[in-house]
Structure formats: C-alpha cells, structure tokens
Amino acid sequence: MNKSNKAIHPFFLVKKPATTANPVPTPASASLTRIVADSSKRAAPTSSSASKKQKSSDSGDSNYALSPNKQHNQSWQHALKPYVANPEQFGPEVVVDVSREVVVIVDKYPKARLHFLALPRVHECPADIRGLTNLHLPLLGSLQDAFVRIQETRPNMKLRAGFHSVPSMAHLHLHIISEDLISPSLKNKRHYNSFATSFFRPLNQVIAEINEFGRIQIGTEEECEALLKIPLVCYKCQKNMKNIPELKKHLETEQS
DNA sequence: GTTCTAGAAC
DNA sequence: GTTCTAGAAC
Ligand SMILES: Nc1ncnc2c1ncn2[C@@H]1O[C@H](COP(=O)(O)O)[C@@H](O)[C@H]1O
C-alpha cells in the first residue's frame, strides 16, 4: 500500500517532498479505509499539481492566497495586531521579547504549559506560509533567532517552533510551544491535532523547503484541514485516545 | 480564534 | 441522566 511512514514522533515526521511523480494521498483514497492510527494520514499533504485556486498575481492584498471562507474579515481575526502596532503598551508578562523585526507574546489561550507567538513587525508579510518565498528568508531567520532566545531563557522546557498550515488569525505568526500540550485551553480535537499532526509545520522544515524549492510544499487548505479531524493519538506513545477527556488525562501521565 | 449550547453518544 | 462533540454567532 504505502511505504512505511511510521511516525517515530509525529512532531518530527518528515515527508520528503517528491522530486518526480508524486503519489499524493488524496482525501478520496484516504477515506476508502479507516485504519486506526493510520500514520499515513499524519503525513503532511503536499501538492505537486497546480493549485486549484487562482491567486490574483500581485495585488497588495494579504488575503490573496486565502480561500474566501478563510479571509481575515472578522474582527476577532485581527486581535494580534495591537501587539505588533504597539508592543510597548503591554507588560512584560504579555510581551516577552522584542527585536527590530519580531515581537514575541504570550498566547492568550495557551495550548501547552508554555505557548508564545512570534509576530513579524514588518508589514510586507504574507497572510500565511503559502505566501512565503526566498524574499522572506531573512525574516524567517529573525523568527528563528527569536525562537532560540525564548528557548535559551527557558532551558527546562523543550519548545517547538512552527506554523499552522491554515491560520485562523490574521498576521503571520509563529507558534513557540512546549511539547506537553497540557493546558486548560486545549479543549477539542482541532486544538490538539493542530499541534500534534503535520498541520503544524516546523520552522526549520519551512526554511529548508524555501531554500530548496523557493516555497513550501503543502497541500490545499482542505487537505490540511482534514488533518484536524483525524483520530486522536498520543504524540508520545502513539496510543489511540477515544476522546478529549481521555487524551488530557493521558497526557498528564506522559509527563515525567 | 472563543463562547455557548443543542443534541448525539454513551 | 451525564458526557462529549460540533456548529452558529449578524
Ligand atoms: N487576543 C489574543 N491575544 C493573544 N493570542 C491570541 C488572541 N486570540 C487568539 N490568540 C491565539 O492566536 C493563535 C492563533 O492560531 P492560528 O491562527 O491557528 O495559527 C492561537 O494560538 C490563539 O490562542
């Protein structure tokens, strides 16, 4: 069927971008069988075919890459803007690191014991990772630097840095999050899977793909969002969890 | 993104 | 009857 894509650890599951004919798993084939703990579904969807969506080539609209239902038109989608516009108006409990290029804040609804967002201050910034190109490599470097600073000042916590494949909030933001995924604000499958499947795109992989291909290798928004609905599996021991309460109880036991 | 809650699932 | 999920929100 498919090559053993067995996840040692879903966080670090690497889908090598195909250079030749690309056997992209389609939602249709994926729905043929529902295999428990099917690791193939945890792989990142990549699309080799041309995008179904047409992007209006060079409008200045940062929504250009987003499908109509994902465009940032609701007021709640702009809640991150004040941090970038006026970082000095927030206390050190909220804004934890500021550089010329990046503001790092504490996530208001943390999905783990530590959860930060690194926000680029430049406004020439794509709405999401689909818009990233070589031009943004310096910015990605600044985000990486911010991540390193945050990690170095919290040596007791293993942190991960990455983007959501399809963001809900406007303004490009890098998640910097501890691996435990233990938090009262983690309340549903979507929350969990957005950090425990390849819906989460590690920063180092994003940088590597842009270096190699000039942009990231990623499936459609629909393919990526399908990852949010797959069965719950513990990121650490791979056990299937029947629901969110069971998962949350289990995650506590994974913490040594 | 969150909150709230109807009704599905147990 | 209680737990849990998932969709509406103007
Ligand atoms: N007002 C806010 N202040 C800070 N963080 C927020 C606020 N509203 C939402 N968030 C976080 O923003 C992140 C947006 O994630 P996403 O768009 O899925 O990449 C989530 O982790 C939210 O918890």
Side-chain angles (χ1 to χ4, degrees), chain A residues 27 30-31 34 36-37 41 61-63 65-87 89-90 93-96 102-120 123 125-131 143 160-178 180-201 203 218 221-235 239-253:
Chain A
S31 65
R34 181 187 169 87
V36 179
K41 280 182 138 187
D61 184 359
S62 66
N63 273 330
L66 300 175
S67 55
N69 58 326
K70 293 293 168 194
Q71 286 178 12
H72 297 143
N73 296 326
Q74 302 294 319
S75 60
W76 58 263
Q77 296 183 290
H78 300 287
L80 301 181
K81 289 199 183 302
Y83 301 110
V84 186
N86 304 100
Q89 290 183 5
F90 298 87
E93 299 83 15
V94 175
V95 173
V96 297
V102 174
V103 176
V104 182
I105 67 165
V106 170
D107 193 292
K108 190 174 180 180
Y109 307 96
K111 306 306 188 298
R113 287 177 171 156
L114 291 181
H115 189 179
F116 308 93
L117 299 174
L119 312 166
H123 98 259
C125 209
D128 70 2
I129 53 174
R130 286 174 173 72
L143 288 168
R160 300 185 293 140
F163 300 93
H164 279 164
S165 291
V166 185
S168 295
M169 303 292 279
H171 199 102
L172 189 73
H173 51 279
L174 175 74
H175 292 270
I176 299 175
I177 186 167
S178 57
D180 50 90
L181 298 182
I182 294 171
S183 170
S185 295
L186 195 156
K187 295 178 176 177
N188 58 46
K189 176 180 272 191
R190 181 185 176 94
H191 290 158
Y192 180 77
N193 279 343
S194 75
F195 292 102
T197 71
S198 59
F199 186 86
F200 183 84
R201 292 299 185 107
L203 176 62
I218 192 165
E221 291 177 7
E222 290 74 16
E223 285 167 338
C224 291
E225 293 204 307
L227 292 166
L228 299 174
K229 299 182 175 180
I230 69 178
L232 296 168
V233 175
C234 173
Y235 67 85
K239 274 190 198 132
N240 271 62
M241 297 291 140
K242 81 169 184 294
N243 57 36
I244 285 289
E246 179 180 289
L247 171 71
K248 288 171 72 76
K249 194 172 298 181
H250 174 80
L251 291 180
E252 297 279 356
T253 73

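Computed from a prediction, not measured in an experiment: that's the story for all the values here.
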For atom NZ of A:Lys239, decide whether the heavy atoms of other residues, nucleotides or ligands shown that lie under 6.0 angstrom number more than 12. no
Dot-bracket pairing map - DNA chain C, Watson-Crick plus G-U, both contacts under 3.5 Å, | cross-strand: |||||||||.
Pick base, sugar-phosphate or nothing for A:Leu80, based on heavy-atom distances below 4.0 Å to the nucleic acid. nothing
Please check if the distance between the ring centroids of A:Phe195 and A:His164 is under 6.0 Å. yes
Distance in Å, A:Tyr109 OH paired with A:His191 NE2, rounded so as to fall on 0.5 Å steps: 10.5 Å
Testing the 3.5 Å rule here: is there a donor-acceptor pair between the side chains of A:His115 and A:His175? yes
Any residue meeting salt bridge (Lys or Arg N to Asp or Glu O under 4.0 Å) with A:Lys249, in chain and number order, not counting sequence neighbours: none
Identify the two heavy atoms, one from A:Ile218 and one from A:Cys224, that lie closest to each other, and give their separation to 0.1 Å. CG1-SG, 3.7 Å
Strictly under 4.0 angstrom, non-hydrogen atoms only: write out the protein contact profile of nucleotides 1-10 of chain B, one letter per nucleotide from the 5' end, B, S or -. BSS-------
Sub-4.5 Å side-chain heavy-atom contact between A:Arg201 and A:Ile129: yes
Rounding to 0.5 Å, atoms CG (A:Leu117) and NE2 (A:His171) come to a distance of 10.5 Å
